[in-house]
Structures are given as C-alpha cells and as structure tokens.
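Reading through the structure tokens given below for one structure.
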There are 2 protein chains.
Amino acid sequence: MNIGEAAKASGVNAKLIRYYESIGLIPEAGRTAAGYRVYTAQEVRILRFVKRARTLGFSIERIQALVGLWRDKHRASAEVKRIALEHVDELEAKIAEMRAMADTLRELADACHGDDRPDCPILRDLEEAGTACCGHGHPA
Amino acid sequence: MNIGEAAKASGVNAKLIRYYESIGLIPEAGRTAAGYRVYTAQEVRILRFVKRARTLGFSIERIQALVGLWRDKHRASAEVKRIALEHVDELEAKIAEMRAMADTLRELADACHGDDRPDCPILRDLEEAGTACCGHGHPA
DNA sequence: ATGGGCCTTCCAATCATGGGAAGGTCAAGG
DNA sequence: CCTTGACCTTCCCATGATTGGAAGGCCCAT
C-alpha cells in the first residue's frame with residue numbers, strides 16, 4: 001500500500017500523512033527500494049484514529065498522547081478521560097467566547113437599518129467602545 | 001505620542017501596531033527626526049476601533065473594510081450590516097461545529113469510568129469510528 | 001520509448017501574534 | 001560629560017494545521 005492508497009483508505013490527505021510522520025505523530029513508514037512509503041493495514045488504523053480525533057477537534061499534541069494510551073494495553077482510562085475533558089473545557093470556553101461575540105453583533109445588526117443612510121449602530125459601537133462615555137466605560 | 005504611549009492609550013501592543021501598519025490596515029505613522037513613529041489622537045482612535053473589532057472576532061480583512069466605511073461619511077449602513085452578518089454567520093457555523101464536538105466528547109467521557117482500568121469508550125470511539133474491519137493486530 | 005499519473009523532497013503561504021537579536025535614541029543622574 | 005536603563009528601530013523566526021507548488025524520479029500501460 002503506497003501513500004495514495006493509504007490516504008484513500010484512511011481519509012487522511014497524502015500530504016498530511018507525510019506531515020504527521022515528519023512531526024513524529026505517526027511512526028516512520030517503511031520504504032520500497034525506490035523510496036516510496038509503504039503502509040500496512042495497522043498503520044492505516046492509526047491514521048483513521050488520528051483522523052477521527054482531529055474531527056473531534058483534538059490538537060496534534062493531545063492526539064499524540066491519546067495514540068500512546070491507545071497502544072498501551074495497560075493504560076488507565078482515567079488518563080484518557082482527563083485529556084478528553086481538558087479538550088471539552090477548551091471547546092466550551094471558545095464556544096462561550098464566540099457566543100458572546102455573535103450575540104453582541106446580532107444585537108447591533110438588529111439595531112442597524114441596513115439601508116443607504118450612513119447612520120450605523122455597529123460603527124458607533126466600534127468607535128465608542130472603550131471611550132469615556134455612556135455605559136461602556138474604559139480603563140485609564 | 002510615540003508607539004509605546006499609543007499602545008497604552010489604545011490597548012494594542014506596540015508590536016502589533018507595527019504589524020498593522022506593515023499590512024496597510026492603518027496608515028503609516030509620522031516619524032520624528034530620529035525615526036520614531038509619532039501618533040495623533042485620531043490615529044489612536046483608529047487603533048481602538050481595530051482593537052474593538054478584533055475583540056468581536058472580525059478578521060483583519062473585514063476590519064479593513066469596516067475602517068474604510070467608518071471613514072466614509074457617505075457610506076450605506078447596509079454595507080456595514082452585511083459585513084457584520086457575514087461574520088456572525090461564520091461565528092455561528094464554528095460554534096455549531098464545536099458544539100457538536102463538545103457534546104459528542106462529553107457523552108463519551110460520561111460513559112468512561114475514569115479509573116485505572118484500561119477499558120475506555122473514548123478510545124473505542126476513536127478507533128472504531130468508520131472502521132468496518134476485523135484486523136486486530138497490535139500497533140507496531 | 002513515451003506519456004500520464006503517481007511518488008519524492010524542499011520551500012512557501014496561510015492568520016494574527018509573540019519573541020528575540022542587534023543596534024540607535026532619549027532622559028536622568030553621577 | 002558619561003553612563004545607565006528604558007525606550008525605539010528593523011529583521012528574522014516561531015506558532016498550528018494544512019495546503020500549494022516546483023523540480024525531479026518512478027511505475028505502468030500503450
């Protein structure tokens with residue numbers, strides 16, 4: 001199985017497979033006499049594992065840890081759970097941040113006529129936030 | 001006002017101010033005889049505008065458009081609103097994606113004992129998702 | 001033996017930000 | 001006057017994950 005076939009079988013782009021190898025996320029593939037990378041079914045399984053973990057938003061660093069635990073038949077599930085929950089916490093934090101952005105902007109957009117006149121609450125917010133004035137307040 | 005003072009006044013890091021100038025987001029600052037950048041109150045206002053827009057998650061590219069509209073006294077608010085809503089749509093899409101990730105992972109983590117035994121639904125999901133095959137070899 | 005489709009490596013770009021080196025400038029104090 | 005330290009300047013590099021391209025080699029089929 002060469003890299004193109006492994007890519008199709010795993011769903012991971014060939015370019016990305018080489019990158020994953022270069023950073024040590026996956027072991028170095030074997031080579032043919034001509035230098036082509038060769039993949040076994042087991043290596044494709046690892047690639048699929050990585051693919052699924054990326055789909056769930058895990059960072060490469062955490063995936064590296066997860067792959068290590070996956071291969072360790074004597075791992076403690078607590079460690080896996082800890083890593084997963086760390087990731088969930090980060091996701092929730094980012095979601096909350098983006099939720100706040102979206103809500104603020106939606107409100108401003110709702111208050112904006114959206115016609116050909118120049119008056120615009122969105123621009124007013126952007127220019128006034130942080131200046132010493134009604135309700136926004138600003139440090140120093 | 002030199003760049004350090006402008007940074008304090010606007011909340012934008014001096015390093016970032018230089019970057020914004022280099023990519024043309026803000027106009028080139030004036031210079032003293034010695035080559036130091038000089039900022040006026042108006043330029044600090046632009047920096048604050050940019051800062052606020054970044055806080056709301058706008059990309060530099062969109063901020064460039066917003067700054068242009070802000071300076072154009074004859075802009076149509078519809079254009080500002082359109083840009084804002086485009087951004088909101090992107091935020092909502094990312095939020096939905098991350099929400100799905102977090103929910104899936106939370107479920108898997110809930111199903112995981114999290115003790116020192118190796119059995120772990122999280123790893124089972126990662127290795128089995130999309131796999132329809134039988135090979136149960138050890139990872140190399 | 002030629003063409004097309006694979007493979008290889010290396011280099012660069014993305015987006016916004018931060019870090020650091022090497023060197024010039026300014027203000028204060030000895 | 002000279003030193004010291006805090007600031008400024010430019011330039012290069014790194015991040016994370018991915019994608020793109022160029023230049024060249026390999027394999028298979030016609």
Side-chain angles (χ1 to χ4, degrees), chain A residues 1-26 28-39 43-44 46-47 49-67 86-87 90-91 93-94 97-98 101, chain B residues 1-26 28-39 43-44 46-47 49-67 86-87 90-91 93-94 97-98 101:
Chain A
M1 217 175 196
N2 66 24
I3 200 171
E5 292 161 341
K8 264 177 221 150
S10 66
V12 180
N13 192 294
K15 211 105 189 192
L16 216 34
I17 295 178
R18 293 193 196 97
Y19 170 68
Y20 288 161
E21 182 184 315
S22 80
I23 61 171
L25 174 59
I26 57 175
E28 285 191 31
R31 300 281 183 143
T32 67
Y36 283 24
R37 285 176 181 78
V38 177
Y39 294 88
E43 285 162 326
V44 170
I46 298 182
L47 285 170
F49 183 100
V50 171
K51 169 86 175 174
R52 171 69 177 155
R54 285 296 298 141
T55 299
L56 289 173
F58 281 102
S59 68
I60 298 287
E61 194 181 358
R62 285 209 176 99
I63 295 174
Q64 209 139 13
L66 289 174
V67 170
E86 266 178 24
H87 178 45
E90 287 180 12
L91 283 171
K94 281 181 203 152
E97 196 185 340
M98 298 174 83
M101 291 175 181
Chain B
M1 216 175 195
N2 66 23
I3 200 170
E5 292 160 340
K8 262 177 222 150
S10 66
V12 180
N13 192 296
K15 210 105 189 189
L16 216 34
I17 295 178
R18 292 193 196 97
Y19 171 68
Y20 289 160
E21 182 184 315
S22 80
I23 61 172
L25 174 59
I26 58 175
E28 285 191 31
R31 299 282 182 144
T32 67
Y36 283 24
R37 284 176 182 79
V38 177
Y39 294 87
E43 284 162 327
V44 170
I46 297 182
L47 285 170
F49 183 100
V50 171
K51 169 85 175 173
R52 171 71 177 153
R54 285 295 300 140
T55 299
L56 288 173
F58 281 102
S59 68
I60 298 287
E61 195 182 357
R62 285 209 176 99
I63 294 174
Q64 210 138 13
L66 290 174
V67 170
E86 267 179 25
H87 178 45
E90 287 181 13
L91 283 170
K94 281 184 203 149
E97 196 184 342
M98 298 174 83
M101 291 175 180

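Just so it is clear: chains get the letters A, B, ... in the order the sequence lines come, proteins before strands, and each one is counted from 1.
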Expressed in angstrom and rounded to an integer, what is the separation of A:Arg62 atom CZ from D:dA17 atom P?
11 Å

Would you kindly give the OH-to-C1' distance between A:Tyr19 and D:dA17, to the nearest whole Å?
5 Å

Quick one: are B:Ile60 and B:Arg54 in side-chain contact, heavy atoms under 4.5 Å?
yes

So does B:Gly30 get a backbone contact from the side chain of B:Glu43, meaning a donor-acceptor N/O pair under 3.5 Å?
no

Assign B:Ser59 to base, sugar-phosphate, or nothing according to its heavy-atom contacts below 4.0 angstrom with the strands shown.
sugar-phosphate

Protein-to-nucleotide contact annotation, 5' to 3' order, nucleotides 4-10 of chain D [B base; S sugar-phosphate only; - none; under 4.0 Å, heavy atom]:
---BSBB

So how far off straight is the helix from C:dA1-D:dT30 to C:dG30-D:dC1, going by the axes through five pairs at either end, to 10°?
40°

With a 4.5 Å cut-off on side-chain heavy atoms, are A:Asn13 and A:Tyr19 touching?
no

More 5' along DNA chain C: B:Thr32 or B:Arg54, using each one's nearest nucleotide?
B:Arg54

For atom CD1 of A:Ile26 and atom C1' of D:dA17, their distance in whole Å
14 Å

Flag side-chain contact, heavy atom, 4.5 Å: B:Leu56 against B:Arg52
yes

A:Ile60 CD1 - D:dA17 P separation (whole Å):
5 Å

Got A:Arg37 and A:Glu21 here, is their nearest side-chain heavy-atom distance under 4.5 Å?
yes

May I ask you to test the B:Leu25-B:Val50 pair for a side-chain heavy-atom distance under 4.5 Å?
yes

So do the side chains of A:Ile3 and A:Arg18 get within less than 4.5 Å of each other, counting heavy atoms only?
yes

Within this structure, what is the CG-to-P distance between A:Leu25 and D:dA17, rounded to whole angstrom?
10 Å

OH on A:Tyr20 to CG on A:Leu47, rounded to 0.5 Å
9.0 Å

Using chain A heavy atoms and a threshold of under 4.0 Å, write down where along DNA chain C the contacts begin and end, 5' to 3'.
C:dC6 to C:dT9

Is any side-chain heavy atom of B:Arg62 less than 4.5 Å from a side-chain heavy atom of B:Glu90?
yes

Classify the nucleic acid contact of B:Tyr20 as base, sugar-phosphate or nothing, counting any heavy atom under 4.0 Å across all strands shown.
sugar-phosphate

Crowding at CD, A:Glu61 (>12 non-hydrogen neighbours, <6.0 Å)
no

